[in-house]
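This is a predicted model, so every value here is computed, not measured.
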Amino acid sequence: MEDKQFEVDVVYRVTVRYAVTAADSETAERLALEMWQADEDGVGGTEVCELEGVSVSSAVDQDGCGRDCDEVLRFLRDRELVIERLDEDAFNPTVHDAVSAEEVARHLGWTDAEGAHDVARAVRTLERLCNEQHRVVCFSRPRVRRGERGEIRLYCTPQHLERLSALLDEPEPVAAGVEAEAEPAAAQA
C-alpha cells in the first residue's frame, strides 16, 4: 500500500491564569484581558491545554490547488477593482483593503466536512500564491478587535498594494485659495 499525504488540524483550548490586583471583578477581568491581549505569561505559565478535536483530510492534489489559486486570484482582483471604483475616499486607503484567509473562505463558500469555513484551504492557497507564484503579497497587523490577540495575516495583489502605497506617499493637495493667501504673506516677510 502506497503512503498518502494528509492534512491534520489539531484544535486545542489553552487556559491562562493571571494574578491581578483590582477594586472589583469587572476591573480584574478587564486587566486580565489586557494582559492576555499583550501576550503576557500567566501565573505558572499555561495552566491547562485541553484537546478539543482532531480532523484529518486528504491533501489536495496539484490540479485542485491550481484551480483554488485561480479562483482566489480572480476573487482578489474583482474585489480590489470594486474597492478602487467605489471607494468614497480614495485618499484614505486602509489595511481593510486587504483580505484575511477567513474572509476568502467565507466569500468563496469553502467549507470543511463539519460545515465550518475551510480557512486551512484558504491559507494554503493564499500562501502558495505568495510564496511560489508571487502573485499575491501578504503582511501582518495586530488584531484590534476586542477579545482578540496576536496578529492577523492579510493578503492583496501586488498591484493593489502598489496603488495603496502610492496614495499614501502622495502629498495632500493644497486648495488654490490657501496657496494664494500663503504667497503674499511670504513676500511680506
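Grouped with V119 in one hydrophobic cluster are V123, the linkage being side-chain heavy-atom contacts under 4.5 Å among Ile, Leu, Val, Met, Phe, Trp and Tyr residues.
How far CG of L108 is from NE2 of H117: 11.0 Å, rounded to the nearest 0.5 Å. A distance of 4.0 Å separates CD of E127 from CZ of R153, quoted to the nearest 0.5 Å. With rounding to the nearest 0.5 Å, the separation of CE in M35 from CG in D41 is 9.5 Å. We find the CH2-CG distance between W110 and D68 to be 4.0 Å, quoted to the nearest 0.5 Å. Between atom CG of residue L129 and atom SG of residue C65 there is a gap of 8.0 Å, rounded to the nearest 0.5 Å. We find the CD-CH2 distance between E29 and W36 to be 12.0 Å, quoted to the nearest 0.5 Å.
The two residues L154 and A98 have their closest heavy-atom pair at CB-CB, 3.7 Å. In this structure, A122 and A101 approach most closely via the heavy-atom pair CB-O, 3.3 Å.
Taking a cutoff of 4.0 Å between a charged side-chain nitrogen and a carboxylate oxygen, E34 and R30 qualify as a salt bridge.
Residues that satisfy the ring pair (Phe, Tyr, Trp, His ring centres under 6.0 Å) test with Y12, not counting sequence neighbours, are absent from this structure. Annotation: side chain to side chain donor-acceptor pair (under 3.5 Å) contacts of D24 (sequence neighbours excluded): T27. With sequence neighbours left out, the side chain to side chain contact (heavy atoms under 4.5 Å, CB included) criterion links A120 to D9, D118. In terms of the side chain to side chain donor-acceptor pair (under 3.5 Å) criterion, residue partners of R128 (sequence neighbours excluded) are, by chain and number, Q62, E132. Applying the side chain to side chain contact (heavy atoms under 4.5 Å, CB included) test to R77 and every residue at least two apart in sequence or in another chain returns L73, R135, T157.
Y18 places a side-chain N or O within 3.5 Å of a backbone atom of E40 that can act as its donor or acceptor partner.
Hydrophobic clustering (ILVMFWY, side-chain heavy atoms < 4.5 Å, transitive): V20 and L33 are in one cluster. Linking Ile, Leu, Val, Met, Phe, Trp and Tyr residues whenever their side-chain heavy atoms come within less than 4.5 Å places V136 and F75 in a single cluster.
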Requested in this report: Check step by step if side-chain contact (heavy atoms from CB on, under 4.5 Å) holds for C156 and V99.
Outcome: CA-CA 7 Å; C156 65; V99 67; over 6 Å; no

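Under a cut-off of 6.0 angstrom, the local environment of CD in E102 is sparse, with at most 12 non-hydrogen atoms contributed by other residues, nucleotides or ligands.
Q159 places none of its side-chain heavy atoms less than 4.5 Å from the side chain of E162.
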